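Down below is the structure, laid out as structure tokens.
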Amino acid sequence: MNEGCFYITTPIYYVNDVPHIGHAYTTCAADILARYHRLRGRRVMFLTGTDEHGQKIVKAARDAGLTPQELVDRVVVRFQELWKAMDISHNDFIRTTEERHIRTVQTFFQTLRDKGLVYKGEYEGWYCIPCETFWPENQLDDRKVCPDCGRTLEKLKEDSYYFALSQFEKPLLEHFAAQPDFVMPESRYNEIVSFLKGGLRDQSISRVGLEWGVPVPDDPAHTFYVWFDALINYLSGVDYLKRSTQFDAFWPAVVHLVGKDILRFHSVLWPGMLMGAGVEPPQRVFAHGWWTVEGDKMSKSKGNVVDPYQVVAAYGVDRFRYFMMREVSFGLDGDYSERALVERCNADLSDNFGNMVHRTLKMLEKYRGGRISLPASYAEEEWDALLGEVITNFESFMDRFAFAQALEQVWKLAHAGNRYIDKKAPWQLAKNPENREELDRVLYRLLDCSRLLALFVFPFIPRAAGRLWEMLGIKEVLDERRIPADLVWGKIETFSPAEAQPLFPRILDDDRQENTERR
Ligand code: MSP
């Protein structure tokens with residue numbers, strides 16, 4: 001990986017069903033990181049995409065009366081459009097049915113085979129079709145139901161290619177010992193280490209009789225197991241085949257963001273496969289928690305699946321993004337409800353942030369006709385100290401994927417702004433012409449504070465940050481700003497704001513009622 005490059009990925013999503021809040025969550029978190037690191041001046045590669053092979057897809061297509069190809073072509077659009085609606089700034093979108101990916105999977109397999117790490121054997125096991133997982137006998141009880149989803153398993157016996165994963169038990173344990181943040185958060189790291197200590201089996205990597213998959217080279221009766229196929233997308237997306245400058249610049253990925261349910265594939269099988277092929281493992285795998293809905297597990301049968309399109313339409317993309325990132329510490333489980341979203345957004349975005357900015361712009365309009373320049377004496381110890389503290393904490397939280405905590409830091413500035421308005425009472429200062437300089441200083445401080453807030457929140461709520469930037473009347477382009485270089489007081493000489501419009505009007509109970517009724 002080149003200095004200054006930053007490769008971040010989301011899981012590739014199954015297209016057997018339309019997107020829900022879980023998909024939106026990981027993608028949004030990845031987007032925030034991508035935007036943040038671009039602001040830091042890094043060259044970011046942000047990859048997302050869709051997982052289009054496997055039995056699950058075949059079954060969903062059959063149920064819908066479509067061919068698998070027709071189904072995936074239809075559903076992929078739902079994901080692509082959602083990312084547009086959610087202001088997701090990915091650099092590439094990979095589909096596992098693309099030629100570039102199919103060739104990468106086959107070449108990767110050849111490499112493993114050339115190294116003597118693949119053999120043909122027979123697989124007999126209990127298979128869960130919805131989860132695409134074989135379960136070893138010793139993890140099942142007499143009922144033979146899937147430990148994950150509880151559905152009845154099928155006993156399957158078939159020829160299969162195996163990857164000699166067990167050979168990597170020791171190297172993997174060593175890798176974990178050498179890199180204590182390889183898996184984050186720490187509780188997940190410990191979980192995987194104890195799993196590894198329990199011993200590894202070789203991994204079956206092909207299926208017979210399942211046509212909807214990547215064919216195994218020279219053995220067309222076999223297609224690759226969907227997880228073997230899917231994990232390799234992270235290499236296909238940076239042109240592993242050509243070992244082009246893109247691959248050298250971006251690999252190893254800085255972080256794979258995944259949900260806790262798919263951590264084992266990413267932190268055991270995937271680095272094992274990479275070690276086998278002689279490719280460096282990713283630097284880090286971060287596993288986030290799961291959303292419940294009003295306290296319940298989200299499921300189609302319960303009819304409580306949260307449709308991200310609906311949330312965006314009702315509350316706007318920024319409120320949705322903000323809520324997901326602020327409500328729950330990244331890594332823990334969380335609960336979604338409209339009430340929680342409204343309360344959180346009203347309190348933080350309307351009453352604190354939006355209010356501070358709005359008051360500022362209104363006062364500027366009223367007392368200074370909307371224009372103001374950098375005052376002669378501007379440095380103030382308290383403000384300098386506050387900004388210094390916010391920057392340090394914000395950066396360290398962002399580096400640890402602690403988005404909620406990073407946002408709490410930012411709001412310290414908005415709070416300070418609101419308190420400052422109350423304390424300085426510009427409406428009093430305006431009464432006496434002798435206070436003109438003081439009034440200028442106060443207003444400039446508040447505008448400058450609003451500018452800094454726009455920069456800090458840009459990765460999280462890019463649309464509102466852009467509107468605020470425009471309202472402040474700053475010529476320089478927002479997403480070409482750099483942090484920390486621009487995070488200093490007095491960076492902009494002159495503000496020439498447009499008319500103030502509320503950034504986040506409060507959502508009232510009546511609005512909520514309407515949204516619920518509309519659903
Ligand atoms: N196709 C695989 C991933 C392959 S990556 C090489 C897959 N796809 S998925 O569409 O089923 O799930 C994708 C992600 O959505 C997972 O990270 C999963 O954790 C996440 N979520 C699914 N339901 C979720 C919630 N209720 N809450 C939060 N995230 C959830 O797995």
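Whatever order the structure lists them in is the order used to number ligands and atoms, beginning at 1. If you're wondering where the values come from, they're calculated on a predicted model, not measured in any experiment.
The nearest protein atom to atom 31 (O) of ligand 1, hydrogens excluded, is given as Ile262 CG2, 3.6 Å; this is a heavy-atom distance. Ranking the protein heavy atoms by distance from atom 15 (O) of ligand 1 puts His23 CD2, 3.9 Å first. Looking from atom 19 (O) of ligand 1 to the surrounding protein, the closest heavy atom is Asp261 OD1, 2.5 Å. At the top of the distance list for atom 23 (N) of ligand 1, counting protein heavy atoms only, stands His20 CE1, 3.3 Å. With hydrogens left out, the protein atom closest to atom 7 (C) of ligand 1 is Tyr14 CE1, 3.4 Å, a heavy atom.
In this structure, the ring of Trp270 has its center no less than 6.0 angstrom from the ring center of Phe265. In this structure, Tyr240 has its ring center no closer than 6.0 Å to that of Tyr234. A ring-centre distance under 6.0 Å is not found for Phe224 and Phe108. Here Trp291 and Tyr25 bring their ring centres to under 6.0 angstrom of each other.
For ligand 1, the polar-atom distance check against Asp51 finds a nitrogen or oxygen pair separated by under 3.5 Å. In terms of N/O distances under 3.5 Å, ligand 1 is not approached by Tyr25. Of the polar atoms of Ala230, none of the N or O atoms is found under 3.5 Å from an N or O of ligand 1, judged by distance alone. Between Trp291 and ligand 1, at least one N/O pair is under 3.5 Å apart. Taking any N or O of Gly259, backbone or side chain, at least one lies under 3.5 Å from an N or O belonging to ligand 1. Considering backbone and side-chain atoms together, Trp290 places an N or O closer than 3.5 Å to an N or O of ligand 1. Taking distance alone, with nitrogen or oxygen atoms compared against 3.5 Å, His288 stays at or beyond that limit from ligand 1.
Residue contacts with ligand 1 for Trp227 involve side-chain atoms from C-beta outward but no N, CA, C or O (heavy atoms, distance under 4.0 Å).
Those atoms of ligand 1 with a heavy atom of Met298 less than 4.0 angstrom away are 26 (N). Which parts of ligand 1 touch Gly289 is read off a 4.0 Å heavy-atom cut-off, strictly below it: atoms 28 (C). Contact atoms of ligand 1 toward His266: 5 (S), 6 (C) (distance under 4.0 Å to a heavy atom of the residue).
The aromatic rings of Trp411 and Tyr322 are tilted relative to each other, their planes meeting at an angle between 30° and 60°. Using a 30° and 60° split on the angle between ring planes, Trp83 and Tyr13 fall in the tilted class, from 30° to 60°.
Residue Tyr13 holds the heavy atom nearest to atom 14 (C) of ligand 1 of all those in Trp270, Tyr13, Phe228, Phe265. With atom 2 (C) of ligand 1 as the reference point, the heavy atom nearest to it among Val226, Ile12, Thr9 is part of Ile12.
Tyr161 and Asp219 share a side-chain donor-acceptor pair at under 3.5 Å.
Of the possible polar contacts, none joining the Thr223 side chain to the Val214 backbone as a donor-acceptor pair under 3.5 Å is found.
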**Asked** Given Phe330 and Leu257, is the side chain to side chain contact (heavy atoms under 4.5 Å, CB included) satisfied, shown in steps?
**Response** CA-CA 11 Å; Phe330 203 54; Leu257 288 185; 4.0 Å; yes
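Here the straight-line distance linking atom NE2 of His20 with atom NE2 of His23 works out to 3.5 Å at 0.5 Å rounding.
Ion pair Glu294/Arg339 not flagged as a salt bridge, since none of the NZ, NE, NH1 or NH2 atoms sits closer than 4.0 Å to an Asp/Glu carboxylate oxygen.
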